[in-house]
Structures are given as C-alpha cells and as structure tokens.
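What follows is a set of notes on a single structure, which appears directly below.
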Number of protein chains: 2
Amino acid sequence: MQIGVLGGGQLGRMLALAGYPLGLRFKFFDTTAEAPAGQLAELVVGDYADEGALARFAEGLSLLTYEFENVPVAAAARLAQHRPVYPPPGALEVAQDRVAEKTFFQELGIPTPLFYPVQTRNDLLDGLERTGWPALLKTRRLGYDGKGQRLLRSPADLEAAWQELGGQPLILEAFVPFERELSILAVRGRGGQVAFYPLVENHHAGGILRKSRAPAPATPARLQHEAERIATRVMEALDYVGVLAIELFEVEGTLWANEMAPRVHNSGHWTLEGAETSQFENHLRAILGLPLGSTAPRGQAAMLNLIGLKPDFARVLAIPGAHLHWYGKEVRPGRKVGHITLRADTPEALEAHLGRLEALLAETKD
Amino acid sequence: MQIGVLGGGQLGRMLALAGYPLGLRFKFFDTTAEAPAGQLAELVVGDYADEGALARFAEGLSLLTYEFENVPVAAAARLAQHRPVYPPPGALEVAQDRVAEKTFFQELGIPTPLFYPVQTRNDLLDGLERTGWPALLKTRRLGYDGKGQRLLRSPADLEAAWQELGGQPLILEAFVPFERELSILAVRGRGGQVAFYPLVENHHAGGILRKSRAPAPATPARLQHEAERIATRVMEALDYVGVLAIELFEVEGTLWANEMAPRVHNSGHWTLEGAETSQFENHLRAILGLPLGSTAPRGQAAMLNLIGLKPDFARVLAIPGAHLHWYGKEVRPGRKVGHITLRADTPEALEAHLGRLEALLAETKD
C-alpha cells in the first residue's frame with residue numbers, strides 16, 4: 001500500500017522510516033527537489049497550485065496525509081475528492097489562521113490568550129487597549145519557528161513592528177506570564193479511539209524549540225487529565241484522525257492552549273526511543289485504521305534540536321543513551337538539521353548525560 | 001556518506017532503516033530486482049561474478065558491508081582492494097565452509113560438535129563410525145535455514161540422504177543432545193572495543209528459526225560470560241569489525257559453538273525494540289568507527305518469524321507491545337516475510353501476550 005505525504009521534510013522522512021516496517025511504501029510531494037524525504041522514497045516536485053503535478057502525485061496512492069501544516073487547503077481538498085486525506089483538511093484550515101485557531105479554542109471553552117484581529121494601525125492601537133503591554137503581534141498565516149512575530153514591550157516597539165509586519169492580516173495576543181510551556185501529543189483513530197502521550201516540557205529560544213523533556217518533570221496527574229480533555233475536545237470537534245499536537249502554557253496550575261499542529265510534531269520526537277510506540281507509527285496506525293499502539297513512556301527522555309550546526313557524531317554517540325537523528329539536510333544558520341534523543345532509566349542519569357550533551361553542543365557553536 | 005551493502009534482503013533493509021537517522025545513504029547490490037531493500041534505497045542488480053556490475057555498484061561508496069554470508073569471497077575481496085569492506089572478507093571465508101568454520105572453532109579451543117569432512121560414500125561410512133547415530137549430513141557450503149541437510153537416524157536413512165546430497169563437498173556432524181539453542185550477538189568496533197547483547201534463546205523448526213526470547217530466560221551470568229569469551233576469541237582471531245552472531249548449544253551447563261554468521265542476524269531482531277541500541281545501528285556504528293551503543297535490554301522481548309504467511313495486521317497490532325516488521329516481500333511457502341517483536345516490562349506480561357500472538361499465527365496458517 002502506498003501512502004502519499006504532502007511535504008517532504010524531516011517529519012515526512014521519519015514517517016517513512018516508521019512506515020516501512022508496516023509494509024508501507026511512500027510517495028512525497030514537495031516544492032523542492034532537496035526535500036530530505038526524497039533520499040528514501042519517491043518524491044514528486046511541484047507547486048501546490050499545479051493540478052497536473054498533484055494528479056501525478058496522487059496516482060497509485062491509497063490514502064494521503066501531510067507533514068507540513070501550511071499545505072494549501074485547496075490542494076488538500078482537491079486530493080480529498082478522490083482519496084481519503086487524514087487528518088481532515090478542516091483541521092488544516094483551523095490551524096493555518098491564528099485567529100480561526102484561537103476562536104476555535106474559545107468556542108470549545110478552552111482557555112487561550114486574549115487576542116485581537118488586526119488589519120489596520122488603528123486596530124492595533126485598539127487591541128493594545130485590551131491586551132495591555134507587553135503583547136505579541138503576529139501574522140495570522142504562515143508563521144513558524146518564531147518567524148512573522150514581534151514582541152511589543154512598550155510603545156517604542158510599535159513603529160518597527162508595524163513596518164515589518166503591517167499590510168497583511170495580523171493578530172495581537174496578550175502576553176501570558178506562563179510558568180512553563182508544555183505540549184500534549186494526542187492521536188485519534190478512524191474509529192474514534194484516542195491515546196495520549198505524557199505531557200512534554202518544552203524550551204524555546206528565538207521562537208524555535210530547543211529542548212523537550214518527557215515525561216514533563218513534576219507534573220501532577222490533574223494537569224495530564226486537563227491536557228487530555230483539551231485534546232479530546234479539539235479532536236472530536238474536527239472529527240480528527242492522526243496525531244495532533246497542542247502547545248500549552250501552564251499558568252498558575254491551569255493550562256491555556258497557545259496553538260495546535262495537525263501533524264506529528266517536533267515536541268514528540270522523543271517518542272522514537274522514549275515511548276513504546278512512536279508518534280510517527282501511531283500517526284500511520286491511526287490513518288490506516290489500525291489499532292493504536294501503546295503511548296507508555298520507557299524511562300526518561302530529553303530531546304535537543306540541532307539548529308544550524310553539525311556536532312561531532314562520534315562525541316554525541318559516546319554519551320550513554322544518545323540517539324542521533326540527522327535529517328540529511330545542508331547546514332544553514334537557524335535551520336533544524338537534526339535532533340538527539342537522550343534516554344535514561346532515571347531522572348538523575350538523564351540530567352547527567354544531558355549536561356554532557358549540552359556542553360558538547362555549546363562547544364560546537366563556537 | 002554512502003554505504004554499499006552486498007545483498008538487498010530484509011537484513012539490508014533494516015540496516016538502511018537504522019542508518020538513515022545517522023545521516024547515511026545506501027546502495028545495495030543484489031542478484032534480483034525484487035530485493036526488498038530496493039524499496040527504500042538505490043539497488044544495483046547484477047551477478048557477483050560480473051566485474052562491470054560490481055564496479056558500477058562501488059562508484060561513490062565510502063565503505064562496504066554485506067548482509068548475506070554467501071557473498072562470493074572473490075567479489076568481496078575485489079571490492080576490498082579499493083575501499084574498506086567490513087566485516088573482513090576473511091570472516092566470510094571461514095563462515096562459508098562448515099568444515100573451515102568448525103576447524104576454526106576447534107583451533108581456538110571452542111567446543112564444537114564432532115565432525116568429519118565427507119567427499120565419498122566411504123568417507124561417510126568412516127565418519128559414522130566416529131559420530132555414531134544419529135548424525136547430521138550437510139553440504140559444506142551454501143546451506144541456510146535447514147536447506148542442504150539431512151538427519152541420519154539409522155542406516156535406513158543413508159541411501160536417500162546420499163542420493164540428495166552426494167556429489168558435492170559434505171560434512172558429517174555428530175548429533176549433540178543439547179538442552180537448548182542459544183545465540184550470542186557481539187559487536188566489535190574498528191578500534192577493537194567490543195560489546196555483547198544478552199544471550200538469546202532460539203527455537204527452530206524444520207531448520208528455520210521460529211522464535212527467539214531475549215534475554216534468554218533462566219540464564220546464569222556464568223553462561224553469558226562463557227558466550228562472551230567465545231565471541232571475543234572469534235572476533236579477535238578474525239580482526240573482526242561489525243556485528244557477529246554465533247549459534248550455540250547449551251550442553252550440561254556448557255556452551256558449544258554450532259555456527260557463526262558474520263553479519264546482523266535473525267536472532268538479533270528483538271534488539272530493534274528490546275535493546276537500547278539495535279544490532280543494525282551497532283553494526284553501522286562499528287564499521288563507521290563510531291562509539292558502540294549500549295546493548296542493555298529494555299525489559300523482556302520475544303521475536304516470532306512470519307514464515308510463508310501474512311497475518312491480519314490489525315489483529316497483530318492490537319496485542320500490547322507487538323511491533324510488526326513486514327519486509328515488503330511476496331508471500332511464498334517457507335519464505336521469511338516478516339517478524340514480530342513483542343516487548344513487555346515483565347516476563348509474565350510477555351508470556352501472556354506471546355500466547356495471544358502464537359494463537360493468532362497458528363490460526364492464520366489454517
């Protein structure tokens with residue numbers, strides 16, 4: 001059975017690596033011939049607006065999924081006329097527009113930061129009356145890894161932010177004084193069954209995820225249940241199928257939804273070694289209508305992204321429990337080119353090995 | 001870096017799946033275009049005697065390995081003139097001839113069943129004087145999965161066995177009344193460092209491995225040490241690099257070497273989920289000169305081969321801790337087309353799930 005994947009980045013590549021043992025074959029669609037999934041499966045290069053390229057891609061596929069949440073909804077919907085596309089394109093639609101996404105959370109009764117749609121400079125000034133300072137000004141669409149957003153600390157920041165972002169649909173969001181960032185990875189099968197990985201603690205810098213720890217340390221069961229309730233409401237409302245990630249803020253012991261990704265997610269990479277079944281395999285099991293696999297963790301895991309740097313592999317692999325995932329991409333500043341999972345049986349061992357690994361990566365940057 | 005692999009079967013396929021996360025690329029050489037590694041990497045189809053095909057294969061490769069122990073030594077040696085080939089072709093030479101292999105074990109002081117080279121019918125009769133009955137008559141070369149061998153229970157079996165096997169170099173082996181069959185998976189790096197997986201208990205039927213359990217139940221540390229001493233002697237004598245498997249008989253609390261495979265091995269497949277680092281990744285780490293990964297088990301594992309049958313994947317994956325590995329081959333009687341690893345935290349859970357899985361496979365056969 002051949003699965004079509006829209007997007008041929010590292011997420012697609014890891015989907016294929018998880019899918020080959022299930023006897024699946026893969027075909028990827030991407031706008032660039034350098035897409036790293038093309039190193040291990042068929043790759044169709046084209047534009048998402050090119051109907052001919054999409055038709056060529058769709059030939060022989062049993063079903064489709066995507067690994068990139070900015071796939072144009074029109075392309076996904078066109079493909080869905082002929083073959084199942086999971087997750088449902090409606091999930092893309094919600095996730096692609098920050099205003100639609102936060103409105104959707106609100107309608108489901110899920111706490112989310114105060115927000116205000118901004119089209120004009122006057123909208124921005126009105127919005128700031130409500131959010132107060134600091135606040136975040138973001139593009140409604142196509143933002144990722146901190147791109148397309150500006151923190152407004154004081155009126156002095158207004159002009160530069162407007163110069164950079166004005167002229168397109170924007171959203172102003174209140175700054176939430178959260179204690180930490182968490183994420184929940186959830187999966188829903190074609191029959192409606194659901195499973196959840198333990199909450200992950202995430203550390204960003206410059207808008208890019210740098211480090212995740214799973215299960216998130218010092219997390220009461222109550223918080224896990226709250227996250228699962230949030231994810232269940234979202235998945236049921238969308239009649240969702242596949243893996244879904246929701247980024248959450250922990251604020252005074254409660255969870256606020258920040259954003260969602262209708263796909264496998266960077267904060268779930270630790271599941272490759274740290275859980276009984278990886279997010280990639282569970283996504284495939286879900287979209288194929290197979291039983292979901294156990295999401296139980298195996299010991300303690302931490303994940304470090306490799307951003308714009310290639311460490312000495314021998315030194316990385318000399319660290320106990322270190323598992324390297326190099327994506328086969330050219331190294332460029334700010335680009336995610338790989339990640340390392342550390343797995344250990346105890347939190348103490350994890351901390352010790354993490355210290356070594358972080359020191360090694362810090363040295364690589366110099 | 002591109003690695004060349006002689007042989008494109010499931011072992012090669014699983015090597016590639018383990019190697020992509022290390023940033024490696026692969027090229028396979030096989031005599032058939034249906035070789036399943038060709039579904040996820042470049043495949044050169046040719047004959048091992050075809051120098052042109054081998055030269056085409058070798059282009060662009062940084063180093064070579066093999067996944068098939070009947071690679072003609074001449075082909076491996078020819079390739080080794082231009083690029084490193086690991087494990088060393090000398091290991092192939094020893095492993096390909098049952099007489100050379102058992103002589104090698106003997107010379108290293110490793111117990112092995114009494115054997116006798118057989119060329120003529122008279123040799124056979126002489127040999128039987130020494131081995132007594134029952135005894136095993138096998139081809140010296142190219143036997144695998146029980147092919148090319150006959151059990152001689154009494155003089156009544158002689159004629160049929162000779163009709164089938166006579167006319168080629170043979171070996172007669174005493175039948176060893178072993179308690180059980182075990183195997184040791186060992187790995188040796190380019191710098192001589194070694195690591196060992198826990199002993200595996202193997203169950204064969206019709207000469208084909210059906211089930212492995214790891215770590216082997218009720219195994220004293222003394223046996224593990226003995227197995228490691230045996231593997232170390234073999235690897236040092238061959239200046240070995242890579243994963244090596246040795247099949248052992250447990251006889252009254254001691255270990256006898258039966259045969260060795262200079263490659264990743266079916267009885268090590270459980271390491272994909274059941275060990276911190278899989279045999280496939282450790283083979284690649286070894287041949288690349290990278291530090292070896294931890295061979296520590298993660299809980300309890302069992303591996304069942306799928307031989308000539310395709311079970312209902314949904315029913316397999318509904319069993320807790322079941323991990324499917326389908327090789328992408330056409331199902332034919334007696335052909336290994338996949339395996340399933342079961343992983344559990346306790347021996348009791350493993351037994352319970354194994355019972356379910358074995359019942360399911362028995363039903364599939366009907």
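Throughout, a chain's letter reflects where its sequence line sits, starting with A, and its residues are numbered from 1. All heavy atoms count here, side chains included; hydrogens, waters and symmetry mates do not.
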For a side-chain contact (heavy atoms from CB on, under 4.5 Å) check, start with the C-alpha distance between B:L290 and A:F313, then their side-chain angles and the critical distance, and finish with the verdict.
CA-CA 8 Å; B:L290 292 169; A:F313 289 180; 4.2 Å; yes
So, do A:P21 and B:L17 sit near enough that their side-chain heavy atoms are less than 4.5 Å apart?
yes
Contact part of B:A314 toward chain A, heavy-atom cut-off under 4.5 Å: side chain, backbone, both or neither?
both
Quick one: of A:A322, A:A318, A:G328, who has the most non-hydrogen atom pairs under 4.5 Å with chain B?
A:A318
Checked A:Q10, A:H325, A:H323, A:Q39 vs chain B; the most non-hydrogen pairs under 4.5 Å come from A:Q39
Tell me, for A:R343 versus chain B, whether the close heavy atoms (under 4.5 Å) come from the side chain, the backbone, both or neither.
both
Specify which of B:E276, B:H339, B:E42 makes the most heavy-atom pairs with chain A at under 4.5 Å.
B:E276
Chain A contact via B:R315 - side chain, backbone, both or neither, heavy atoms under 4.5 Å
neither
Return yes if some donor-acceptor pair links the side-chain N/O of B:R285 with the main-chain N/O of A:L317 below 3.5 Å, else return no.
yes
If you count heavy-atom pairs under 4.5 Å between each of A:Y20, A:W326, A:Y327 and chain B, which one has the most?
A:Y20
